[in-house]
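Report on one structure; see the data block that follows.
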Amino acid sequence: MEKSYNPYDNAQAQFDGVAELLGLDEGTRDLLRQPLREYHVLIPVHMDDGSTKVFKGFRVQHNDARGPAKGGIRFHPHETADTVRALSMWMTWKCALVDIPLGGGKGGVICDPHHLSEAEQERLCRGWVRQLAKVMGPSLDVPAPDVMTSAKHMLWMLDEFETIHGGRYPGFITGKPIGMGGSLGRTEATGYGVIYILRQALKDLGIGIEDATICFQGFGNVAQYAGRLFTELGGTVLAVSCWDNNAHQAFTFRKKDGIDVDKLAAITSAYGTVDREKAQADGIEVLPGEEWISQEVDILVPSALENQITPANVDKISKTVKVIAEGANGPTTPDADEIIKGRGIFLIPDFLTNSGGVTCSYFEQVQSNTNFFWEKDEVLEKLDSKLTHAYRSLYSLAERKNLYMRDAAYVIAINRVVDAVRMRGWVR
Ligand code: GLU
């Protein structure tokens with residue numbers, strides 16, 4: 001049987017390794033290796049058929065020493081408290097690494113939006129906020145979109161929060177629709193961010209982007225925008241994969257001379273499932289299963305869920321792969337990570353690679369709070385410069401100290417959070 005992985009164990013193992021390296025004292029380790037606060041709630045929802053269904057939801061605030069907790073809210077049938085704990089921890093490191101004044105949090109609801117109507121989803125969003133409105137807010141904890149949630153969910157949540165608190169609080173949530181406090185560029189930000197960072201990495205490795213091929217696991221928001229920008233810069237999107245919820249399996253889509261990302265996105269559902277017949281009609285090969293991992297490309301971008309690269313499939317990664325850029329949160333298990341490290345593949349860790357989303361969320365908060373909105377170019381320019389700067393500092397530390405990129409990223413992030421908890425006097 002395949003070993004099962006708990007993302008919280010993975011997140012703690014990663015933290016413990018670096019805490020040891022940094023020689024952190026026991027009190028500081030205890031404070032940072034688990035969440036400061038967490039909430040488990042029940043959300044009763046009136047269903048369209050007249051019945052009531054009770055959903056389970058979570059909000060975890062891992063650390064808010066550097067600023068209000070920040071992080072998305074996911075809808076997923078396999079959500080667990082431990083997954084949300086791990087994700088909240090990774091948000092703390094992500095915000096610290098890109099150096100924005102925010103802490104880390106995450107939310108989740110155990111549900112499958114594929115089987116919920118719009119109206120049921122709206123009631124679920126409002127119900128989640130009703131249970132948590134007293135412990136979240138612009139200065140406490142600020143949610144955002146994540147797996148299977150989007151701008152429309154954010155606005156329902158904001159509306160419920162504002163109804164409860166009796167005022168307008170656009171800084172409560174990010175990823176809002178444009179015109180309703182959202183930032184231009186927020187939808188593109190995570191995917192574009194992957195490529196802003198990758199572009200720097202390719203320079204360091206002496207790989208020309210025009211000669212480079214890439215394969216994405218997943219074809220949701222992250223892969224679609226990353227794929228578009230990669231193509232614009234002259235690279236070739238050789239393959240992408242998607243999950244088909246009806247077929248209960250994954251499919252990989254491949255085109256040797258490059259996939260037209262816009263065209264493929266046009267035949268993809270809101271949950272990232274590609275229409276196989278239409279893809280085939282467009283000359284794209286359709287391979288059943290998790291073939292994305294064995295594609296002969298220069299760059300692999302796991303941009304779906306956690307625990308996707310494990311010892312069971314890590315050896316399938318082609319010898320051609322020079323870079324793995326983790327678009328998803330926690331896609332690589334620690335034991336598979338050791339193997340990647342051993343093979344000398346250049347890994348760009350998740351909490352840098354996908355930090356474009358939260359960085360743009362921070363810009364959105366700034367715009368919402370001042371009620372002054374920037375042009376899209378201005379947002380993307382600021383995003384590029386923030387991420388490029390974070391990458392450059394990380395790469396130079398990794399080079400200087402001869403550290404694996406993930407470890408170097410942890411060193412920078414943990415040091416910043418440790419400074420904050422010390423300055424606040426939480427630990428000595
Ligand atoms: N859900 C995204 C992430 O995992 C964005 C979070 C945010 O914007 O707060 O980073």
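Whatever order the structure lists them in is the order used to number ligands and atoms, beginning at 1.
Residue Val358 approaches ligand 1 through these ligand atoms, each under 4.0 Å from one of its heavy atoms: 7 (C), 8 (O), 9 (O). Every atom of ligand 1 is numbered from 1 in the order shown, and the set under 4.0 Å from a heavy atom of Gly357 is 8 (O). Per-residue contacts place Asn329 under 4.0 angstrom from the following atoms of ligand 1 (heavy atoms of the residue considered): 4 (O). Close approach of ligand 1 to Lys106 is summarised as follows: ligand atoms under 4.0 Å from at least one heavy atom of the residue are 1 (N), 3 (C), 4 (O). Those atoms of ligand 1 that come under 4.0 Å of a heavy atom in Met91, given as number and element, are 3 (C), 4 (O), 6 (C), 10 (O). Heavy-atom proximity to Gly71, at under 4.0 Å, picks out these atoms of ligand 1: 9 (O).
Ranking the protein heavy atoms by distance from atom 7 (C) of ligand 1 puts Ala144 CB, 3.3 Å first. Scanning all protein heavy atoms for the shortest distance to atom 10 (O) of ligand 1 gives Lys94 NZ, 2.7 Å. Counting protein heavy atoms only, atom 9 (O) of ligand 1 is closest to Lys70 NZ, 2.8 Å. With hydrogens left out, the protein atom closest to atom 1 (N) of ligand 1 is Asp146 OD2, 2.6 Å, a heavy atom. In terms of protein heavy-atom proximity, atom 5 (C) of ligand 1 is closest to Arg186 NH2, 3.6 Å.
Distance alone, capped at 3.5 Å, is enough to place a donor-acceptor pair between the Asn354 side chain and the Ala328 backbone. Side-chain atoms of Ser241 come within 3.5 Å of backbone atoms of Gly218 as a donor-acceptor pair (strictly under, hydrogens ignored). Checked by atom type and distance alone, the side chain of Gln308 pairs as donor or acceptor with a backbone atom of Glu306 at under 3.5 Å. Judged purely by atom type and a 3.5 angstrom limit, Asp384 has no side-chain atom pairing as donor or acceptor with the backbone of Glu381. Distance alone, capped at 3.5 Å, is enough to place a donor-acceptor pair between the Gln131 side chain and the Leu42 backbone.
The six-membered or imidazole ring of His165 lies away from that of Phe172, with a centre-to-centre distance of 6.0 Å or more. Annotation: Phe55 is not in aromatic contact with Trp128 [ring centroid separation under 6.0 Å not met].
The nearest non-hydrogen atom to atom 8 (O) of ligand 1, considering only Ser88, Pro145, Ser361, Gly193, comes from Ser361.
Geometric assessment of Arg199 against the ring of Tyr196 yields a negative cation-pi assignment under the 6.0 Å and 45° thresholds.
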